[in-house]
Each structure stands twice: as structure tokens, then as C-alpha cells.
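First comes the structure, then the notes that go with it.
Position 1 is the first residue of the sequence; numbering continues from there.
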Amino acid sequence: MTRIQLSPNRLLHIRNDLGSFNISNLNYCYDIVKPFFNFICNNKSSNYWQLSIQSDQHICYQLYSKNKKLDLFSRIHKDLQPFKNRTILLKDIENISNSCLGCHHIQIIQNKLYIVPRPTVSNYETRSRSVKLLIKHMMDTFSDIPDLDLFFHVGDAVELPKELNDVLFNVPIFAFTKSNTTRRGLRPDALVLMPCFTLWGWPEVRAGRWSKIFQSILNASRQIEYEKRVPKLFWRGADTWKRTWYINTAKQYPNTTDIETMNWVRIIVGISLSVSNTYTTLEQHCNYKHLLHLEGNTYSSRLKYLLLCGSSVVYDPIEHYEEYWYHLLENGKNVIFMERINNEIAFNKTLQFLQNHENVTKEIGKQGQQLVQNYLNEHAVSCYWRNLLHEYAKLFGYKPTLHPNAIYIDDFVLSNLP
């Protein structure tokens, strides 16, 4: 076992079974441990870390789960609970492959990531490539991922042939979102939530790489004090049935809301988009004290961007679609829930609360920003993928072997395959 200890002046001390040594400059930390672990050298939540291959002492658990009030990984156990007493066999892999024709198939064999090309996969924009690159990024950091076969879907909902949507397969399908109160497509307990593609990048809406927009929004939030932000509830987005009521109702509150639609017009497929004159950058959202988050067709991946601004975020979970990290949201602490769509009285009360309790909303915004900084940074995302795959691999009752058509991820990245 290797132990890393930071002295009060943040000097690095590393000890293992071969002895110990001190480093007087944190810049050298990068050269000693993998890039992921450079992160802990700047993490002020603790001065002592253990690097262990034991799951309960792994650095990921120390950073995001162990002795933490909020447990990032509790969602993993909840999602895998329906499969706890099941064993995945080769015939089950073949069955899910034939049943979910829109699913992408990946393999991890001897800690190498492979893509199994499938002509029927569902592919929208750069979503599937972003998921694969997220996994590759995680595997470039961690070298202890078990062999496995995995199927994931990149749609807003996982929809199989009608007769299969009520089946609980022995193999879970990995997806971005699901709702336990609204059914669309495959039953929710057949799905395991994975990190959204946007946590790698979303070029189609000018968000780019998550690691870059993450820092860019933080920088924008620091440029304007909360007290100097526009005291309105702000929203921009495409009009869907879940959003129409808010768009229409907000017209009656011009002094406290700024809610308008924004239309995307594709000009080059998969590369860039033109927008209407109501377009507002993610960084410009930070000019407002209060931000509204509304679901899209199912979920909307925008919430994390809004929280990063440090403005208070009002969220109406209309159909209760969740991402893998939504269990960390706490009403009145890091977000403001308003579960009363089409209720103008409730909407008006929320607006009054925002206007009359600035100290409270400021603290909620601060906590929301801290939530994203702590649990959705690129290191936390890699940790989630790592722990998710470790738990998922425990379901396997056979030793996966390389598919004859499998392509190594480095070769895949250079190809034009989806």
C-alpha cells in the first residue's frame, strides 16, 4: 500500500513498503503518480490519502464516498440491485445484442478498451463517441478494470421493440437517464445510469469539452458578485411541451423573469449550429441571480452548467427524469425544487421567495456550485466509471473473450465509425 501525506504547508510525503521520500514542490507530484492523483495534491479536504487496490480504501472512495455526507457511488448499488441475484452468461450477452439493436457494444479485455462495430446502432450527434472517450480517459488513469462486455444506448430514452420493453434482461443496458414515475421505452429497473456524454463534450451546442467549459463558467461566475447580478429568473432553450407553460406564464412577470425560447439551426451537420438572436452563452447565464432548469424530451443535461454559475437554480422535475448524480441534490440546500407545473400560484410564490430571501438564495447558489465542483469534476467522473464497471463486472459468470470484429479504441478513434 502507498500512502500520500501532505504537510501543513502542502509539501508532499509519499511512503510505501520500499521506503519513503519527500518532495518540496507539488509540481513534481504529476511525475510521481498518474495525472489523476495530481488532483489530490490540490485537494484541501484532507492532508492524508491512501492509495490502495482494496475497494473500500481506494482513492475514489476516499475522495467521493468514505466518511462523506454525500455518497457519489450510492446510485451504483441502487441501479444494480435488480441484478444482484442474477448471473450474466455468454448467452445473455448474445440475447441483449439481438434485442437492443440500437445499443453500442464495448469490451474491456486485459485492461484494454475495444469497440464492437454494429450497423444498427443508434447514434445522435457525437454522443456515442463522447461516451467511449470518457471510458478511455478513465482507463488511461486506472489499470485495474475487469474484463467485461457492456451495452449502452445514447438516446434520450431506451426504446426497444414494444414486446421487449417490459423485459428485465439478465444484462442491464447503460443509459443517460431514467424515471421511476414516467414510462417511456424500456422499464427503468432494466437500466443502469452512466455519466452523460456531455461530461466529455457537447460541440453541437457550443459547449465543447467539459473540462474547459467547467473552468470557463467558474471564471465567469467569479467576475460578477452575486449581489450585482440581474435579479430575474432566467431561462433559454427550445420549446417543448414541458416548457410551453413557463414560456407563456413568464410574460406576465416581466420584472422578475427573463424566459424565452431559443432556436438552433444546423448549418453543417455534426460541426456547428447557428442560433436565434435570443442565444445566451453558458457563461452569460452567470449574469443572473436565479436560473430556471426544465426537462427536455426526457431529461436535460443543462443542470450542471447552471449550478456552476453559483446562481440559485430553480428546478421543476416534471417527469422526474434523473441523471446518475441527482441523488446529491437537496431541496433548499443546493437547488430549489418546484414540482408544480401549470400552477401559477406556486410559480408566483417561488418568484416572491427569490426576490425576498437573497441571503438564502445566495447560499443555495454557492452550495450548488460546490456540488458540481466536488462531484462532477473530471476526476470524479472517472471514479464513477471505474467503480461502476467494477460492480457491474461482479455479475459475470463467464470469462469474456475478444469479439472477432472488435477494434481497439486507439484505432477506432482514427476511424469514421460511430
Side-chain angles (χ1 to χ4, degrees), residues 10 26 38-39 41-45 196 198-237 250 253-262 264 272-294 300-315 325 328-329 332-336 350-351 353-381:
R10 308 301 288 171
L26 286 182
N38 189 45
F39 172 67
C41 295
N42 298 312
N43 189 307
K44 298 180 180 179
S45 63
C196 179
T198 56
L199 290 165
W200 179 260
W202 197 7
E204 291 82 7
V205 298
R206 303 180 180 180
R209 281 281 281 116
W210 168 242
S211 58
K212 291 183 178 180
I213 195 67
F214 181 100
Q215 193 59 52
S216 181
I217 295 175
L218 278 179
N219 291 340
S221 75
R222 293 164 181 159
Q223 297 302 312
I224 180 168
E225 297 177 3
Y226 186 86
E227 290 77 8
K228 296 181 180 179
R229 300 184 186 190
V230 180
K232 290 186 177 183
L233 181 63
F234 183 85
W235 179 87
R236 289 292 186 272
Y253 301 91
N255 295 327
T256 53
T257 68
D258 187 347
I259 297 175
E260 295 187 43
T261 58
M262 182 189 71
W264 294 96
S272 63
L273 299 165
S274 64
V275 293
S276 58
N277 58 12
T278 55
Y279 172 72
T280 304
T281 67
L282 291 169
E283 292 87 349
Q284 289 170 340
H285 280 66
C286 300
N287 293 329
Y288 293 82
K289 285 184 179 179
H290 318 296
L291 301 173
L292 178 63
H293 179 66
L294 300 173
S300 170
S301 60
R302 191 184 317 181
L303 181 55
K304 58 184 174 291
Y305 302 105
L306 302 184
L307 291 169
L308 263 180
C309 268
S311 300
S312 61
V313 176
V314 177
Y315 172 29
W325 56 275
L328 303 176
L329 296 172
K333 181 173 181 180
N334 49 39
V335 72
I336 300 171
T350 299
L351 293 178
F353 174 80
L354 297 178
Q355 296 299 314
N356 298 331
H357 298 84
E358 182 170 298
N359 289 338
V360 176
T361 59
K362 178 181 179 180
E363 181 61 23
I364 291 173
K366 179 181 177 181
Q367 292 298 321
Q369 184 180 65
Q370 196 65 51
L371 172 70
V372 178
Q373 286 184 271
N374 289 346
Y375 292 98
L376 292 180
N377 61 72
E378 64 178 341
H379 312 290
V381 175

Nearest-0.5 Å distance, [atom1] of residue [X] to [atom2] of residue [Y]:
X	Y	atom1	atom2	answer
L371	W325	CG	CH2	6.0 Å
C309	K289	SG	NZ	14.5 Å
I224	E227	CD1	CD	10.0 Å
Y305	L376	OH	CG	10.5 Å
N287	T280	CG	OG1	9.0 Å
L328	K333	CG	NZ	10.5 Å

Ring-face cation of R206 near Y279 (centre distance under 6.0 Å, axis angle within 45°):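 Yes, R206 lies over the aromatic ring of Y279.
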Sequence-distant partners of F214, ring-ring contact (aromatic ring centres under 6.0 Å, His included), two or more places apart: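 If we apply the ring-ring contact (aromatic ring centres under 6.0 Å, His included) test to F214, skipping adjacent residues, the hits are W210.
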Test log, rule side chain to side chain contact (heavy atoms under 4.5 Å, CB included), inputs H293 and V335: CA-CA 10 Å; H293 179 66; V335 72; over 6 Å; no
What is the minimum heavy-atom distance between [X] and [Y], and which atoms define it?
X	Y	result
S312	H290	OG-ND1, 2.7 Å
A207	L282	CB-CD1, 4.2 Å
L292	L233	N-CD1, 3.7 Å
L291	L306	CD1-O, 3.7 Å
L218	Q373	CD1-NE2, 3.7 Å
A250	T257	O-OG1, 3.1 Å

When you measure from the side chain of [X] to the backbone N and O of [Y], does any donor-acceptor pair fall under 3.5 Å?
X	Y	answer
T278	T261	yes
Q369	L307	no
K232	P254	yes
N356	F353	no

Any residue meeting disulfide (SG to SG under 2.5 Å) with C196, in chain and number order, not counting sequence neighbours: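 Not a single residue meets the disulfide (SG to SG under 2.5 Å) criterion with C196.
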Side chain to side chain contact (heavy atoms under 4.5 Å, CB included) between V205 and T198, intermediate numbers included: CA-CA 10 Å; V205 298; T198 56; over 6 Å; no
Min side-chain heavy-atom separation L308-S221 under 4.5 Å: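 When only atoms from C-beta onward are counted, S221 and L308 do not touch, as no gap falls below 4.5 Å.
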W202/R302 under side chain to side chain contact (heavy atoms under 4.5 Å, CB included): CA gap, chis, key distance, verdict: CA-CA 11 Å; W202 197 7; R302 191 184 317 181; 5.8 Å; no
T256/Q355 under side chain to side chain donor-acceptor pair (under 3.5 Å): CA gap, chis, key distance, verdict: CA-CA 8 Å; T256 53; Q355 296 299 314; 5.4 Å; no
Residues Y226, E358; criterion side chain to side chain contact (heavy atoms under 4.5 Å, CB included); working and verdict: CA-CA 9 Å; Y226 186 86; E358 182 170 298; 3.8 Å; yes
Any residue meeting salt bridge (Lys or Arg N to Asp or Glu O under 4.0 Å) with R236, in chain and number order, not counting sequence neighbours: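 R236 satisfies salt bridge (Lys or Arg N to Asp or Glu O under 4.0 Å) with D258, E260 only.
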Exceeds 12 heavy-atom contacts within 6.0 angstrom, atom CD of E225: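 Not buried by this count: 12 neighbours or fewer within 6.0 Å.
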